[in-house]
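Everything below concerns the one structure shown next.
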Amino acid sequence: MVETEDFLKSGSVVLACTPSVSWESKNISLPEVVDKIENGNSLYIGSCAATAESTLQELTDNWKLADIRIIQMLPGGNLPHLSENVDRFRTLSFYSFQRTGYYQQDAGEGLQDYSPVSVVSVPRLLREGELHVDVAIIKVTPPHKNFVSLGMGVELTKDFIRHAKLVIAEVNENMPWTEGHSKIPCSDIDWWVSVNKPLSTTKELWPGFFERPTFAPEVLEKIGENVIKEIPDRATVKFGVSPLCYSIFPFLRQRKDLGLHNDLLTETLFRLHEEGVITNKYKTIDTGRTVVSQAHGSQDLYEFIDRNPILEFKSGSYINDPQVLAKIDNLITVVGSLKVDLTGQVATDSISTKFYGGVWSDIESILGAKLSKGGKPIVIQPSKSLHGRSNIVLALPPGTGVSVTRSDVEYIVTEYGVAYIYGKSIRERCLALIDIAHPDFRDELLEQAKAAGYISQSQPGKFSKNSYPKQFECNHTTKSGKKVLVRPIKPVDEDNLRKFFHNLSDQSIYLRYFRRMKSMPQRILQKTADIDYSRDMAIVVLSPPDAYQHDIVGIAQWISDPRGLHVPEIAFQIRDDWQGEGLGKYLFRKIMAAAKTMGIMKLKADVLATNKAMNVTFEKSGIPIMKSSDFGVITYTFDLEAVDLSTLQDS
């Protein structure tokens with residue numbers, strides 16, 4: 001191979017040297033390609049629609065070759081060598097959309113190897129000789145001014161070309177010409193063969209894959225609904241290559257002016273460009289341009305890619321470099337997971353001794369978003385596996401690889417909600433993850449966590465009996481225009497409740513508890529935060545509303561008599577510096593609406609006669625009341641039977 005140094009670094013003008021050997025003299029036929037390969041060679045053949053399939057078929061059909069190693073980053077398409085025996089061909093890959101070691105076809109034992117390393121590690125493996133390549137077989141465009149384009153097969157192709165002894169190109173007029181790190185000089189190509197077949201579409205690359213059994217649509221839809229809440233307008237998004245991440249793409253239509261910095265450009269992401277959802281206007285690097293390293297989709301997508309200045313294809317090491325990702329403000333990365341344990345360890349490539357998919361760029365995506373200003377690293381998974389087992393577990397099964405460590409995880413999302421666990425204690429992590437686990441497994445997980453000593457034996461565990469009442473969540477604006485989040489309490493709010501108590505004045509504490517108190521007992525905190533949502537309710541006001549490090553500034557609650565002999569009693573508390581914002585009146589109507597919705601028609605409240613603000617709120621509520629007083633305490637009983645629910649709900 002002729003070494004060439006005088007060609008592009010991104011964004012500079014390219015002046016190609018006149019090749020010393022004419023392009024036409026390098027043209028050979030497919031059968032002649034076999035003569036250029038030696039037994040025992042390692043061959044890189046590209047990925048997805050950029051796989052050199054015709055050459056691969058010729059190599060497989062010709063029985064001259066033996067002990068050939070095929071290297072692919074992301075296998076797909078017609079891979080005939082997988083049906084051969086191990087003495088002829090072996091395959092090394094770094095990811096597979098099927099269970100690793102099986103791909104699309106039934107392969108013989110030992111034919112396939114999986115390397116559990118990240119994309120950014122591969123160039124180093126090549127430099128240090130840990131990964132050896134003899135021949136790079138690539139798919140390119142026809143030449144233009146002494147250069148060809150790698151089209152949509154950029155990934156790490158230049159790294160393999162740099163370290164290969166021989167470069168053979170399939171020149172295909174259907175390969176789109178792309179911008180970015182995609183051009184190589186004709187002089188870098190030793191031999192080429194003309195193959196003008198149509199490029200494989202997604203369905204041709206992985207036949208039957210998208211028709212296989214998968215998670216219920218309603219599960220994926222709820223995960224998407226939970227994730228999109230964490231993605232603001234003008235954010236830049238990056239997704240793992242796990243097909244689970246594909247379920248998020250349609251929800252991006254709810255946002256405006258998104259940026260895209262991603263490994264793959266898929267059909268849905270392409271359509272989001274056409275619809276004006278992805279504009280890249282507000283990216284802090286590569287402004288105005290989508291940056292990817294590979295693509296697969298329909299012929300429409302391939303036409304869209306061709307000579308499109310809004311797209312740049314760059315190397316996988318650039319796409320996934322945490323230092324590059326850190327420069328992108330408001331970067332939201334989404335990674336698909338297989339299992340998560342109660343301490344926050346995440347498995348993305350294996351369960352026990354079985355490998356699925358690969359690690360690809362998962363940890364780099366997580367780290368990059370953590371370093372990004374306004375970034376969020378998100379891990380997604382359904383709460384239950386296709387086999388009906390919990391995907392949130394006490395401990396990962398023996399043999400399972402940890403792709404993302406517990407110290408790096410921030411957001412974990414299932415169809416049941418979002419758990420923010422960064423910086424949280426083991427106890428808090430357990431409670432947060434049990435809260436988003438499938439209801440069928442919550443009691444079991446709670447008991448396992450207690451047995452392991454992760455959480456206290458005194459933890460009531462009432463929250464695990466029923467689903468979290470998400471219908472009572474909402475945003476609210478106070479009298480002075482402050483925005484807050486209002487939602488039912490969760491067990492993870494326990495420490496925030498303690499902080500809330502200590503931010504109250506002595507007078508506020510006295511008006512609420514009718515006595516002086518210096519601390520809030522642990523049993524009371526647990527009783528308040530860990531409730532049975534089918535019987536009791538506590539609604540908290542949180543500020544700021546769009547963060548997970550918020551403070552409780554107000555609370556309303558009722559507690560039922562376990563024996564059912566007495567009317568449930570309600571209580572309210574607003575932090576002193578938030579009083580006068582109308583939160584007391586708002587919470588009163590909110591808690592009354594919740595009671596009416598849950599079929600509770602009577603509530604009572606005991607209020608000191610000196611608590612004028614609360615007495616005024618109750619007496620002017622418009623709800624029928626019975627009132628009595630005794631020793632300076634006024635008791636109100638509220639009758640909701642004839643109250644129209646719509647009059648209680650926030651406008």
Side-chain angles (χ1 to χ4, degrees), residues 222-239 248 251-259 277 281-284 326 328-335 366 368-380 409-424 428-429 432-433 435-436 468-493 495-497 499-500 503 529 538-555 574-575 577-578 581-583 586-587 590 650:
K222 288 178 181 177
I223 291 174
E225 289 172 352
N226 290 331
V227 170
I228 198 63
K229 291 178 182 178
E230 307 301 331
I231 302 177
D233 292 340
R234 303 182 178 184
T236 295
V237 292
K238 182 180 188 298
F239 298 92
I248 308 302
F251 292 89
L252 298 178
R253 292 186 172 93
Q254 299 178 25
R255 296 294 176 260
K256 299 176 182 178
D257 290 321
L258 295 178
V277 175
K281 284 182 183 179
Y282 298 95
K283 288 175 74 173
T284 45
I328 306 174
D329 292 352
N330 302 311
L331 175 67
I332 313 299
T333 59
V334 181
V335 170
I366 296 292
K370 287 168 68 71
L371 296 171
S372 162
K373 180 181 178 182
K376 293 181 182 179
I378 298 173
V379 174
I380 63 172
V409 173
E410 293 196 13
Y411 299 82
I412 297 177
V413 179
T414 72
E415 70 271 30
Y416 289 101
V418 180
Y420 180 78
I421 64 173
Y422 185 63
K424 303 298 184 183
E428 292 172 306
R429 288 166 180 246
L433 289 168
D435 187 50
I436 64 168
Y468 171 76
K470 196 172 184 178
Q471 68 270 28
F472 298 137
E473 275 191 10
C474 67
N475 290 305
H476 176 68
T477 303
T478 68
K479 282 183 178 180
S480 67
K482 295 178 180 178
K483 296 186 182 301
V484 292
L485 172 65
V486 181
R487 65 160 171 80
I489 203 165
K490 298 180 179 182
V492 291
D493 293 322
D495 287 344
N496 248 347
L497 270 177
K499 182 180 178 182
F500 172 73
N503 280 328
I539 294 177
V540 291
V541 181
L542 302 168
S543 176
D546 55 352
Y548 285 86
Q549 298 88 356
H550 34 217
D551 290 331
I552 295 176
V553 299
I555 182 172
I574 307 299
R575 209 170 73 182
D577 55 333
W578 280 76
E581 293 284 349
L583 287 176
Y586 175 79
L587 278 177
K590 189 78 175 174
D650 184 38

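Positions are given from 1 along the sequence. Below, all heavy atoms of this structure are taken into account, side chains as well, without hydrogens, waters or symmetry copies.
- Every side-chain contact (heavy atoms from CB on, under 4.5 Å) that Val492 has, sequence neighbours left out, goes to Leu431, Ala432, Lys490.
- For Thr284 (side chain) and Asp329 (main-chain N/O), a donor-acceptor pair under 3.5 Å exists by modelled atom type.
- Here CG of Leu252 is found 5.5 Å from CD1 of Ile231. Values are rounded to the nearest 0.5 Å.
- Remark: Lys229 pairs with no residue by the salt bridge (Lys or Arg N to Asp or Glu O under 4.0 Å) rule, at least two apart or across chains.
- The aromatic rings of Tyr586 and His476 sit parallel, their planes meeting at an angle under 30°, below the 60° perpendicular limit.
- Judged by distance alone, with hydrogens and angles left aside, the side-chain atoms of Ser372 form a donor-acceptor pair with the main-chain N or O of Leu331 at under 3.5 Å.
- Two residues are said to be in side-chain contact when any heavy atoms from C-beta on lie closer than 4.5 Å; Leu587 and Ile574 meet this criterion.
- Take Asp495 and apply the salt bridge (Lys or Arg N to Asp or Glu O under 4.0 Å) test, not counting sequence neighbours, and it matches Arg427, Arg498.
- Considering CD1 of Ile380 and CD of Glu415, their distance stands at 11.0 Å, rounded to 0.5 Å.
- Every residue two or more places apart in sequence or in another chain was checked for a side chain to side chain donor-acceptor pair (under 3.5 Å) with Glu225, and none qualifies.
- Side-chain atoms of Asp257 do not come within 3.5 Å of backbone N or O of Asp233 as any donor-acceptor pair.
- Screening residues 469-479 for salt bridge (Lys or Arg N to Asp or Glu O under 4.0 Å) gives no qualifying pairs among residues at least two apart or on separate chains.
- Under the salt bridge (Lys or Arg N to Asp or Glu O under 4.0 Å) criterion, Lys483 pairs with no residue, sequence neighbours left out.
- Atom NZ of Lys256 has 12 or fewer heavy atoms from other residues, nucleotides or ligands within 6.0 Å.
- In terms of the side chain to side chain donor-acceptor pair (under 3.5 Å) criterion, Asp546 has no residue partners (sequence neighbours excluded).
- Contacts of Arg255 classified as side chain to side chain donor-acceptor pair (under 3.5 Å), with partners at least two apart in sequence or in another chain: none.
- Scanning for ring pair (Phe, Tyr, Trp, His ring centres under 6.0 Å) contacts around Phe251 gives an empty result, with sequence neighbours left out.
- Here Phe472 pairs with Pro469, Pro488, Met537, Ala594, Thr597, Met598 under the side-chain contact (heavy atoms from CB on, under 4.5 Å) rule; sequence neighbours left out.
- Residues passing the salt bridge (Lys or Arg N to Asp or Glu O under 4.0 Å) test with Lys370 are Glu410, sequence neighbours excluded.
- Residues satisfying the side chain to side chain donor-acceptor pair (under 3.5 Å) criterion with Thr478, sequence neighbours excluded, are Glu581.
- For the pair Val540 and Arg487, the minimum side-chain heavy-atom distance is below 4.5 Å.
- Below 30°, between 30° and 60°, or above 60°: for Tyr422 and Tyr420 the angle between ring planes is above 60°, a perpendicular geometry.
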